[in-house]
Number of protein chains: 2
Amino acid sequence: MLTNRQLQVLQVIVDDFISSGQPVGSRQIAKKDNVSFSSATIRNEMADLEDLGFLEKTHTSSGRVPSEKGYRFYVDHLLKPQVITNQEIASIRSIYADQLMETEQMIRESANILSDLTTYTSVILGPDVHMHKVKRFQIVPLSSTQAVAIIVTDSGHVENRVFTLPEDFSMRRIEKVVNILNERLVGKPLVEIPLRMDGEIAKLIKEHVGAYSDFVSSLFNRISAQEEGRVYYGGKTNMLNQPEFHDINKVRMLLDLMDKTPQVQTLFQAGNQQGVQIRIGSENNLLAMEDCSIITASFDAGDNQHGSIAIIGPKRMDYKRVVTLLDFMSGDLSRLLTNNR
Amino acid sequence: MLTNRQLQVLQVIVDDFISSGQPVGSRQIAKKDNVSFSSATIRNEMADLEDLGFLEKTHTSSGRVPSEKGYRFYVDHLLKPQVITNQEIASIRSIYADQLMETEQMIRESANILSDLTTYTSVILGPDVHMHKVKRFQIVPLSSTQAVAIIVTDSGHVENRVFTLPEDFSMRRIEKVVNILNERLVGKPLVEIPLRMDGEIAKLIKEHVGAYSDFVSSLFNRISAQEEGRVYYGGKTNMLNQPEFHDINKVRMLLDLMDKTPQVQTLFQAGNQQGVQIRIGSENNLLAMEDCSIITASFDAGDNQHGSIAIIGPKRMDYKRVVTLLDFMSGDLSRLLTNNR
DNA sequence: GTTAGCACTCACTAACAACGAGTGCTAAAA
DNA sequence: TTTTAGCACTCGTTGTTAGTGAGTGCTAAC
């Protein structure tokens, strides 16, 4: 167990390093008002903290830098949430001023505000479309060979795919299929569609319009498979301000990562849990994120659906501030999205 | 007018600089097989070319670098198109192998291939949706207060917006509006919708369902205004490989630019014209593009619609190669998209 | 008109010293 | 026993200097 003094020293070092980005030395700490021991004492404590794995040195005679374990301890035990300022509240709430704004646009705007407020990169994972329920299904023929299939969900989300019609598909048959599908699928969540298509509905379609069930079901698989939760970014290039990202290769990996939706989604795994989650450096199990931390919070979008909101920043990001902001904002978003329904 | 020898010297310098990225000196040129004069002669020619504004020096005793004017002259008069290799043709054509691929996915894939082939960043501007014609219009109610409006175009593109219903809008009235709109709008290009909405249709709706025309027309404005041609990128981070982009600020400006669709579209202004267009550095009139060149070509997507395909690279990009590839690829795309209709 | 020769420029590199922020350790003070 | 002052040592950073080499412009000879 750490002594009180060790806790204090660790806290001061992490805080100091977060705000300065420079390794912090014993003299610097000793000069602080709330520290009453000499630099030599602190040097001893620092050596102990280093032995315990909480601190690191960049070279033999430099100041200390928190290790990942150090950050982890800091966020788990030493993090005192910051108070949010009125000004910050104002700029967050300004998003919701325009009542007519669509949900999607509002989420986009939230991402921007969040990245402006933090100077880091923000990510918002829209509510998982899989749980949305089918409101209407429709096929619109474009020509004698092509048509577009459309699914409208209860959330107002519209999915569509262009497909090539089988040669002998007549208008009447299309209508019949559409009717069957609407009868059977309206009210069901998107995720269940492929399942249902393979069972009862395949039979029904076979009975009424012939053996085209294969074709229809493959169409549906394509529709529901592709649609993952949408990802929105704010301040994608903010990380270029951080001195730790002057390395072009790191920047490149990170930027490339952001265009790969599935990989980004794995970063949110633990985001399902309640409250704010913090993942530090290698805890993300992703090479590109080795020097980054991600802080996530989930919000409620009604109907048992939830999205996630996150900040990606350097490991030495301002955890206090970001945690507070995310907590506040996810609460606001939840309230807004559940009331709207 | 430039002498033959000056032309040759300029050509060699530009070619050399493009491939090496280093300022090129008189001795280097003299050593080339196809150059038969001494370095001193070349020095004199270079001094003249510099006076004429085609070359620049980075400092008093360094080799020469092409100026923007030099590049311009090079692409206008000295550019001999390269032959395209079978291997390149093969990788381009591999995109079209999968007949079932949707147009959008194919365009996305084209952008990727193009950036891989060139190691620069590729941009594809999808066909302008404004010219697509309305195929079907529809309103799907979601709840007592909200509904989603859907427009399907003849190309299979689907536009949709969620909107809040006026309080006294009944299902019957909605159907009536939908009918009127379908009667009057099917077959008309999207771009004409706002115009028509203000004229005849406003009257019709007023006659049949009361004074809701304002509401409907504002809805339509929102639909057709927002939808610009879609922009697809390939190799967004490729530019980080170029030594001229080790400057974080340039990278940042460029990456930020890429997320601003309207600004990117201005880069394609001249792309309407036939054939391949080259814009060098400040010719783009855009700070972020000061050190970049963009080469564009347009392709035909049938029905008098066209898209653009472009490569963004450093000013010293391999113009020969890129011009050839773009020319070839735009032709291929045109053939493919016009046949498909 | 062309070219050899030469003095000059200037970025780049290596070597070196001086500096300073930091450490670990020891011994004295509390 | 704990804390602290003192000191030797480490190592990154900065500045200086000199040497190198790729390049130029100019002049005079070919």
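Legend: residues meeting side-chain hydrogen bond (donor to acceptor under 3.5 Å, both in side chains) with B/Arg316, ordered by chain and number and at least two apart, are B/Glu244.
Taking only side-chain nitrogens and oxygens, A/Gln28 comes nearer than 4.0 Å to OP1 or OP2 of C/dG22. Phosphate proximity of C/dT23 to A/Arg27: absent, as no side-chain N or O sits under 4.0 Å from OP1 or OP2. Remark: B/Lys57 is in phosphate contact with D/dG25, judged by side-chain N or O atoms under 4.0 Å from OP1 or OP2.
Rounded to whole Å, atom C1' of C/dT23 lies 14 Å from atom CG of A/Asp48. Put simply, CE on A/Met46 is 8 Å from C1' on C/dT23, counting in whole angstrom units. In this structure, A/Leu49 places its CG atom 15 Å from C1' of C/dT23, rounding to the nearest Å. Taking atom CZ of B/Arg64 as the reference point, atom P of C/dT9 lies 16 Å away to the nearest angstrom. A straight line from CD of B/Gln22 to P of C/dC12 spans 10 Å, rounded to a whole angstrom. Rounded to whole Å, the distance from CD on B/Glu56 to C1' on D/dT24 is 17 Å. A/Leu55 places its CG atom 14 Å from the P atom of C/dG22, with the value rounded to the nearest Å. The separation between B/Ile42 atom CD1 and C/dG1 atom P is 18 Å, rounded to whole Å.
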Restricting to nitrogen or oxygen on both sides, can you table the protein-nucleotides 4-10 of chain D pairs closer than 3.5 Å?
unit_1: D/dT4; atom_1: OP2; unit_2: A/Ser38; atom_2: N; d: 3.2
unit_1: D/dT4; atom_1: OP2; unit_2: A/Thr41; atom_2: OG1; d: 2.5
unit_1: D/dG6; atom_1: O6; unit_2: A/Arg43; atom_2: NH2; d: 3.2
unit_1: D/dT10; atom_1: O3'; unit_2: A/Thr60; atom_2: OG1; d: 3.1
unit_1: D/dT10; atom_1: O2; unit_2: A/Ser61; atom_2: OG; d: 2.4

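Only one option out of B/Val123, B/Leu125, B/Leu267, B/Ile124 pairs with B/Ser308 in a side chain to side chain contact (heavy atoms under 4.5 Å, CB included); it is B/Leu125.
Of all heavy-atom pairs between A/Ile309 and A/Leu326, the closest is CG1-CD2, 3.8 Å. In terms of heavy atoms, A/Glu68 sits closest to A/Glu290 at OE2-O, 4.1 Å.
Counting only distance, with no hydrogens or angles, the side chain of A/Thr41 and the backbone of A/Phe37 share no donor-acceptor pair below 3.5 Å.
Using a 4.5 Å cut-off on side-chain heavy atoms (C-beta onward), B/Asn241 and A/Arg252 make contact.
For the residue pair A/Thr237 / B/Asp256, a side-chain donor-acceptor distance below 3.5 Å is found, with atom types taken as modelled.
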